[in-house]
Structures are given as C-alpha cells and as structure tokens.
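Below is one structure, written out as structure tokens; the observations come after it.
In this text, all values refer to a predicted model and were calculated from it rather than measured experimentally. Numbers here simply count residues along the sequence, with the first being 1.
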Amino acid sequence: MLARLLCLASFIAVADCMTGRPNIIIMLMDDMGWGDVGINGNWAKETPNIDKMAAEGMLFMDFYTANPLCSPSRAALMTGRLPIRNGFYSTNAHARNAYTPQTIVGGIHEYEELLPKLLKQADYKSKIIGKWHLGHRQQFLPCNRGFDEFFGSGNCHFGPYNDIKTPNMPVYKNDKMVGRYWTNFTINKASGESNISQIFLQEGLSFIEKQHQEANPFFLYWTPDATHGPNYASPMFHGKSIRGIYGDAVMEMDYCVGKILEKLKELGIDKNTFVFFTSDNGAATYRGASGGDNGPFLCGKETTYEGGMREPGVAWWPGSIPAGTITHQLGNIMDLFTTSLTLAGVKPPQDRIIDGIDLSPILLDQTAPLIDRPIWYYRGNEMMAVRVGAYKAHYWMWTEFGNNPVSFTFCQGQYIKNVTVHDQVNHTVSPILFNVNRDPGEKYVISPKTQEYKTAMSIISPIVMKHKATLEPGVPSLNYCDAAVQNWAPPGCEELNYCLSGPPSQPKLCVWDH
C-alpha cells in the first residue's frame with residue numbers, strides 16, 4: 001500500500017510504480033436507481049454480490065451521472081466531457097432531453113477521443129458488451145470508435161416490432177449483425193423471460209479469460225440493459241424477486257457482477273483489476289411500482305433533481321482500494337474516463353476541456369482530502385443546476401409538461417410546491433438553494449434572506465459565471481431524425497438473409513417532449 005501511495009506524487013508514476021497496468025472493468029447498469037442496491041438500504045435484499053463488492057472496496061455516497069438520460073450520460077463516460085461539450089444534446093427546443101432512437105441521424109462525433117482508443121496507447125485490449133447507444137449507423141458503432149470487440153446492440157432492446165414500419169434492433173458480434181432482438185435473441189413479451197443477460201455474462205467471462213491467457217491488459221465495458229423497460233430475466237431468476245420482473249432483473253445483474261469478480265479471483269488477477277459499478281441515470285419513476293428505487297431522492301430519470309442523477313457507485317480493487325471504505329467525495333461518471341487513463345499511464349487529451357477528474361488519490365489513500373469540484377446538472381442545452389459541496393443551486397426548474405399542478409409522471413407520488421413544476425421557470429437571478437446533505441429529498445428551500453444562502457451563493461455564483469463564460473458548446477448531434485436510417489440493413493444482414501427495405505430519406509427535426 002505504501003508503494004501505491006508514493007505513486008500519487010506524479011501523474012506518470014501512478015502507472016509506473018504499479019506491477020503492470022491494471023485491467024479496467026466498468027459495469028454500467030441501465031435505469032438502475034441509487035436505492036436499488038442493498039448497501040444503500042434497499043429492503044428487498046437482491047444484491048448480495050454488489051453489497052460484498054462495496055464491503056471489499058469503496059462505496060461512493062455522492063456519485064452522479066452527467067445527464068438524466070441514457071445516451072448523453074454514456075457519451076460523457078466515453079469522452080470525459082459534458083454532453084453540452086461533446087455534442088450529445090439537441091437545440092430543437094429549450095432544455096429537452098434527447099437520445100439515440102433508431103431514427104436518429106447523428107452519433108458521437110468523429111473528433112471526440114473515446115476511452116478505448118486512448119487506452120490503446122498503453123496496449124489495452126477492449127470490449128463492450130451490451131448497450132452502446134452512441135449512434136447505431138455503421139460509422140458510429142464501437143469497433144469504428146476504438147473498441148477491439150463488440151457484442152451487443154447499438155440501441156436498447158425496445159420492441160417487438162413488425163420489421164415493416166420499424167425494424168427490430170440488431171445484435172452485433174464485432175462489426176457484423178448476428179441476429180435481432182425479439183426474433184433471434186428472444187424475449188417473452190408476456191413474461192419477460194430471456195437468456196440475454198446470461199449471454200452477456202458469458203461474453204464477459206470469455207473475454208477476461210482470453211486476455212489473461214494472452215497477458216494483455218484489458219478494458220471491459222459491461223453494460224447490460226435488462227433493468228431498462230421492458231425488463232427481462234433468465235429462468236433461474238424469473239419470478240424470484242418480491243419486486244416483480246424489475247427486481248428479477250436486478251437480482252440477475254447482481255449475480256453477473258458476482259460471477260465476474262469471482263472469475264478475476266479465480267484467475268489470480270483481482271489485485272490487478274480496477275472495477276467500478278454504477279448506472280447511467282436514475283430509476284424510471286414514470287414506471288411506478290414496475291420501475292426502480294431512487295432512495296430518499298426527489299423524482300427520477302429525465303429530471304435534474306437528485307433522483308434523476310445520483311447513482312450507486314462502488315469501486316473495487318483488492319490490495320489497492322482499502323476495503324470497507326465509504327466516501328462523500330463528489331464523483332461523476334466522467335471521472336471514470338480520467339481515472340482509467342491515469343491508472344493506465346495515459347494522459348487525457350490536452351487540446352480540449354475534460355470535465356472528468358482523476359479519483360485515484362481518493363481511491364488509493366484514505367487520508368487524502370476530498371477534491372473540491374462542482375457537479376453540473378444539464379438538461380439538453382441548459383444548465384439547470386449545480387452542486388458545490390453540500391449545496392445545490394437550481395438556476396432553472398422544470399419537471400415535465402402537464403396540467404395537474406400536483407401530479408407528475410417523472411415524480412410519481414412526489415410534489416413539492418414551486419420545486420416540481422410543469423412550466424420551465426428561470427431562477428437565474430435568485431437560484432433555488434438546498435443543502436442536499438441534510439435535505440437529500442430537496443424539500444426545504446433555503447431562504448435567500450438567510451446568511452446561509454448568501455454565503456453559499458457567494459461561492460457558487462463565481463463558479464457558474466466562469467463555467468458559462470468559458471463554455472464552448474459542441475455541434476449538436478441529436479437534432480435530426482429520419483425513418484430511412486433505422487436498422488433496415490445493418491452490416492452482416494446479407495449473411496443471415498435478414499436485410500429489410502426502408503423508406504426514402506426524409507430528414508426532419510426530431511421532436512423531444514421531455
């Protein structure tokens with residue numbers, strides 16, 4: 001441990017002092033809430049392996065995503081940059097969440113430097129398993145953006161579709177389609193039974209074994225989507241959870257996490273592998289009892305309240321990360337980009353702003369002071385809020401469009417006057433302030449008349465002013481949609497005799513209503 005602490009003295013030394021470069025595994029869940037894991041208090045006790053992972057590693061109590069929706073948060077992870085910088089947003093309307101449905105024309109910009117490509121500088125072999133969601137057209141797919149291997153889909157497993165107006169989503173092995181969800185990779189629509197998560201697990205275990213045999217440092221991005229509706233689970237977990245099919249999916253994700261960590265121990269590489277577990281955004285509260293749990297936080301997916309953006313966060317690296325540690329370091333999914341590069345001995349790109357910070361001092365040294373940094377809450381092209389220390393200031397407030405002043409789809413069962421609102425309200429002149437350490441549910445507004453408010457805003461305001469003054473938004477990728485670009489004839493469809501005919505191209509501005 002002393003040797004690792006000495007490594008913190010300089011950037012290059014972090015990798016050089018270690019016995020080889022650590023393998024890196026990022027486990028990114030889909031729509032799993034902060035409160036879905038037992039270590040964060042879930043009553044259903046569905047996650048013994050994730051809880052054990054935290055007991056053997058470090059639990060982040062204040063870990064965030066970079067956006068309350070799937071595609072932008074994943075783009076932030078891969079680039080280390082806010083979606084407003086990397087282009088994963090839309091300017092079609094103010095403060096709207098946008099993502100990558102089948103009809104989206106764009107994808108992750110070619111000039112963005114992605115994590116797997118950068119890790120090649122240190123000879124890492126990389127694989128993504130599961131959901132990509134950064135563009136499904138050929139030029140945007142993982143093997144064209146730095147990954148060595150790919151097993152999964154460019155999209156989510158939505159469906160089933162009739163392959164006439166909308167094609168079923170293709171599943172790829174590397175750069176060729178090997179089937180489609182629902183038709184080849186089946187999900188029982190009525191029951192939600194499917195073996196897809198077990199396929200994803202075996203793909204991951206095989207990749208780990210292969211890279212170990214070949215003595216390659218590796219990066220595994222394991223990103224299954226069973227916890228995204230419509231949920232699915234394999235027969236061994238189907239019907240096992242008291243929470244229904246969503247809980248079944250959580251149980252299976254936990255099982256898979258346990259099997260991956262078990263494989264690392266079996267191969268004797270657990271002490272040379274950094275693993276991080278988190279989720280892409282908060283649980284989908286609009287699904288009601290069929291969705292996940294965001295713990296004590298307000299609202300969920302699609303919103304910039306805490307429930308939409310605070311995520312479970314567990315770091316594991318036996319022998320390097322002290323077991324059983326809990327941190328209140330403000331962390332963000334973008335930090336996994338910078339931290340991974342640091343551990344691999346690769347410098348982040350120097351020609352652009354990188355928003356992710358290096359968490360290795362916090363991970364490797366229990367005595368290290370917390371890193372002072374802001375957490376930005378963006379919804380589309382608008383900075384909605386910022387957290388600095390214990391305080392969160394809302395510069396804009398908006399939940400969703402609607403007519404019932406006390407009823408909200410994205411905040412089912414939750415209503416706070418002047419906080420959950422149907423209209424977009426500009427509070428830039430006098431931001432709405434909460435202390436989210438003592439008020440995680442954002443229920444008690446701190447009055448602008450108090451000294452507490454004045455002191456907090458005297459710190460927050462200059463940070464926001466600097467951010468806005470230096471912000472150079474990227475070219476938006478998510479403005480145009482076209483039915484002709486759907487997955488009609490993906491690479492490899494000819495070999496399966498499963499190419500479809502699509503309509504003529506008619507690009508138009510996408511409509512984002514959330």
Side-chain angles (χ1 to χ4, degrees), residues 15 18-29 49 53 77-78 114-132 134 141-154 170-179 184-185 195-226 234 252-277 315-320 336-337 339-341 343-346 491-492 495:
M18 296 175 183
T19 305
R21 304 177 184 91
N23 306 308
I24 298 165
I25 301 177
I26 295 176
M27 301 174 172
L28 185 69
M29 302 300 104
N49 293 296
M53 180 184 179
L77 166 57
M78 285 290 103
L114 272 56
L115 180 57
K117 181 180 178 182
L118 291 166
L119 287 173
K120 286 182 184 296
Q121 297 176 27
D123 298 322
Y124 276 71
K125 298 296 182 181
S126 60
K127 182 167 187 171
I128 171 176
I129 298 170
K131 177 177 172 180
W132 173 235
L134 300 188
L141 290 174
C143 289
N144 292 323
R145 294 314 315 270
F147 278 97
D148 296 304
E149 298 182 34
F150 174 35
F151 189 91
S153 180
V171 175
Y172 286 87
K173 182 173 183 180
N174 299 329
D175 57 357
K176 289 187 177 181
M177 164 183 149
V178 291
N184 309 105
F185 293 84
N195 282 317
I196 292 172
S197 293
Q198 291 303 308
I199 297 172
F200 287 162
L201 171 60
Q202 292 306 316
E203 285 286 330
L205 297 179
S206 297
F207 176 74
I208 291 169
E209 287 186 337
K210 177 183 177 183
Q211 302 315 315
H212 172 62
Q213 292 169 0
E214 297 179 359
N216 295 321
F218 64 81
F219 167 45
L220 173 60
Y221 181 32
W222 195 74
T223 174
D225 65 353
S234 66
E252 187 160 17
M253 292 301 96
D254 178 76
Y255 170 84
C256 293
V257 168
K259 286 297 181 183
I260 290 172
L261 299 186
E262 183 181 293
K263 175 61 67 175
L264 297 174
K265 293 178 180 179
E266 174 191 317
L267 297 175
I269 57 175
D270 53 313
K271 293 185 178 180
N272 194 41
T273 305
F274 169 67
V275 186
F276 201 96
F277 173 92
W316 185 88
W317 186 3
S320 295
L336 301 180
F337 173 90
T339 303
S340 296
L341 292 178
L343 296 179
V346 177
E495 298 173 26

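- You'll find the side chain of Ile269 reaches within 4.5 Å of the side chain of Ile208, heavy atoms only.
- Rounding to the nearest 0.5 Å places CG of Asn23 at 11.5 Å from OG of Ser340.
- The structure places CZ of Phe337 at 5.0 Å from CG of Leu118, a figure rounded to the nearest 0.5 Å.
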Determine whether Trp317 and Leu343 satisfy the following criterion, side chain to side chain contact (heavy atoms under 4.5 Å, CB included), listing intermediate values before the conclusion.
CA-CA 12 Å; Trp317 186 3; Leu343 296 179; 3.8 Å; yes
Could you walk me through whether Ile199 and Phe151 satisfy the side chain to side chain contact (heavy atoms under 4.5 Å, CB included) test, starting with their C-alpha distance in whole Å, then the side-chain angles of each, then the deciding distance to 0.1 Å, before giving a yes or no?
CA-CA 9 Å; Ile199 297 172; Phe151 189 91; 3.6 Å; yes
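- The aromatic rings of Phe219 and Tyr221 sit parallel to each other, their planes meeting at less than 30°, with 60° as the upper class boundary.
- When every heavy atom of Pro491 is checked against every heavy atom of Tyr172, the shortest pair comes out as CD-OH, 3.6 Å.
- Side-chain contact check for Leu341 versus Gln121: every heavy-atom pair is 4.5 Å or farther apart.
- A 4.5 Å side-chain heavy-atom check between Leu119 and Ser126 finds every atom pair outside the cut-off.
- Not a single donor-acceptor pair under 3.5 Å links the side chain of Ser153 to the backbone N or O of Lys131.
- The distance from atom CD of Gln198 to atom CD of Glu252, rounded to the nearest 0.5 Å, is 4.5 Å.
- Residues Val171 and Ile196 are not in side-chain contact: their nearest non-hydrogen atoms beyond the backbone lie 4.5 Å or more apart.
- For the pair Asn272 and Arg21, the tightest heavy-atom approach, listed with the atom from each and the gap, is ND2-O, 3.4 Å.
- A 4.5 Å side-chain heavy-atom check between Leu115 and Ile24 finds every atom pair outside the cut-off.
- Annotation for Lys120: atom NZ counts as buried by contact number, over 12 foreign heavy atoms lying within 6.0 Å.
- The main-chain N or O of Phe200 is found under 3.5 Å from a side-chain atom of Trp222 such that the two form a donor-acceptor pair.
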Side-chain donor-acceptor pairs of residues 211-218 under 3.5 Å, sequence neighbours excluded:
| residue | atom | partner | partner atom | Å |
| --- | --- | --- | --- | --- |
| Gln211 | OE1 | Asn216 | ND2 | 3.0 |
| Glu214 | OE1 | Asn216 | ND2 | 3.2 |

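- Put simply, the side chain of Thr223 reaches to within 4.5 Å of the side chain of Ile128, judged on heavy atoms.
- The minimum heavy-atom distance between Leu141 and Trp132, with the atom names listed, is CA-NE1, 4.0 Å.
- Once rounded to the nearest 0.5 Å, the distance linking CD of Glu203 with CZ of Phe150 reads 11.0 Å.
- When side chains are defined from C-beta on, Phe147 counts as touching Met78, because their heavy atoms get closer than 4.5 Å.
- Asn174 CG to Cys143 SG: the interatomic distance, rounded to the nearest 0.5 Å, is 4.5 Å.
- Every residue meeting the salt bridge (Lys or Arg N to Asp or Glu O under 4.0 Å) condition with Glu149, not counting sequence neighbours, appears here in chain and number order: Lys127, Lys210.
- Between Gly179 and Phe185 the shortest heavy-atom distance is CA-CE1, 3.9 Å.
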Criterion side chain to side chain contact (heavy atoms under 4.5 Å, CB included) on Met53 and Val257, from CA distance to verdict:
CA-CA 9 Å; Met53 180 184 179; Val257 168; 4.1 Å; yes
Give every donor-acceptor pair under 3.5 Å between a side-chain atom in residues 258-268 and any protein atom, sequence neighbours left out.
| residue | atom | partner | partner atom | Å |
| --- | --- | --- | --- | --- |
| Lys263 | NZ | Glu209 | OE2 | 2.5 |
| Lys263 | NZ | Glu266 | OE2 | 3.2 |
| Lys265 | NZ | Glu56 | OE1 | 3.4 |
| Lys265 | NZ | Glu56 | OE2 | 3.3 |

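- The two residues Asp270 and Trp316 have their closest heavy-atom pair at CB-CH2, 3.6 Å.
- Considering Val275, Ile129, Leu205 in turn, Ile129 is the only one that fulfils the side chain to side chain contact (heavy atoms under 4.5 Å, CB included) rule with Leu220.
- Taking the side chain as every heavy atom from C-beta outward, Thr339 and Phe276 never approach each other to under 4.5 Å.
- Of the inter-residue distances, the one linking Met29 atom CE with Met253 atom CE reads 6.5 Å to the nearest 0.5 angstrom.
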